[in-house]
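Take a look at the structure below.
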Amino acid sequence: MGGRISVASEVDKGSVFDVSTRAPEQLEESYRPSGFSAVERAKLGPVPLAPRPLRVLVAEDDDTNAILTRALLKKLGHTFVRARNGAEAVSLSAAEAPDLILMDVQMPELDGFEATAKIGLGEKASGRHIPIVALTANAMSGDSERCLKAGMDAYLSKPISLDPLRDALTRWG
Ligand code: MN
C-alpha cells in the first residue's frame, strides 16, 4: 500500500516498530462543501480566501492529476465535481451548471477540444457561457493558441500549482 515498516532494537531495552501506511484516496464524485471553516483556512497560513466559492467541474482522465486538482481547489475554498472523459464533461456541464470548467486537453472518448466545441454549441442555444480553463501538458505556444481557438478562455500548464490556479479562478470564475 505504499507504506513502510522499520524496526530498531537495543539489547536489554527492547524494540521500536515504526509502521506507516498510505491508504488509497477516494475521489468525491459530487459537490461537497470544502470542509474548511474560515478559522481552519486562516490556520492554513498564506492561502488567501477565494472571493467566492466556485463549483468547479474538473474534466480529467488521470486519477493522480484529479486528486491534486481537488486538493488545490479545496485549499482555495472551492468545490469539485469530476468528469473522467470529454463526453462526461459535456453531460455534466449541462447537468451541474458549474461556475467554471477545468478541462484536460488529452482525454478519451472526446478530447478537451472536442468537448469544448460541443459545450459551445449548447451555449449558443442557452446564451449562458461557462468559462473553460484548459489544462495542458504541452507548454508549447501552439497548444495554447489552439486552446483559445477552440473556445477555451484560458489555459494552465500541468502540473498545476496553487498560485496560477487561484489567479485563473479569480479572473474567470
Ligand atoms: Mn489526460
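Ligands are counted one by one from 1 in listed order, and the atoms in each one are counted from 1 as well. The first residue in the sequence is number 1, and the count goes up from there. No experiment lies behind these values; they were computed from the predicted model shown.
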Charged N-O contact under 4.0 Å between D61 and R82: no

Backbone or side-chain N/O/S of D61 under 2.8 Å of the Mn ion (ligand 1): yes

Heavy-atom neighbours of E123 CD exceed 12 at 6.0 Å: yes

Q106 near the Mn ion (ligand 1) via N/O/S, less than 2.8 Å: yes

Charged N-O contact under 4.0 Å between D104 and K158: yes

Shortest-distance N, O or S atom of D104 relative to the Mn ion (ligand 1): OD2

Heavy atoms of other groups near Y155 OH, more than 12 under 6.0 Å: no

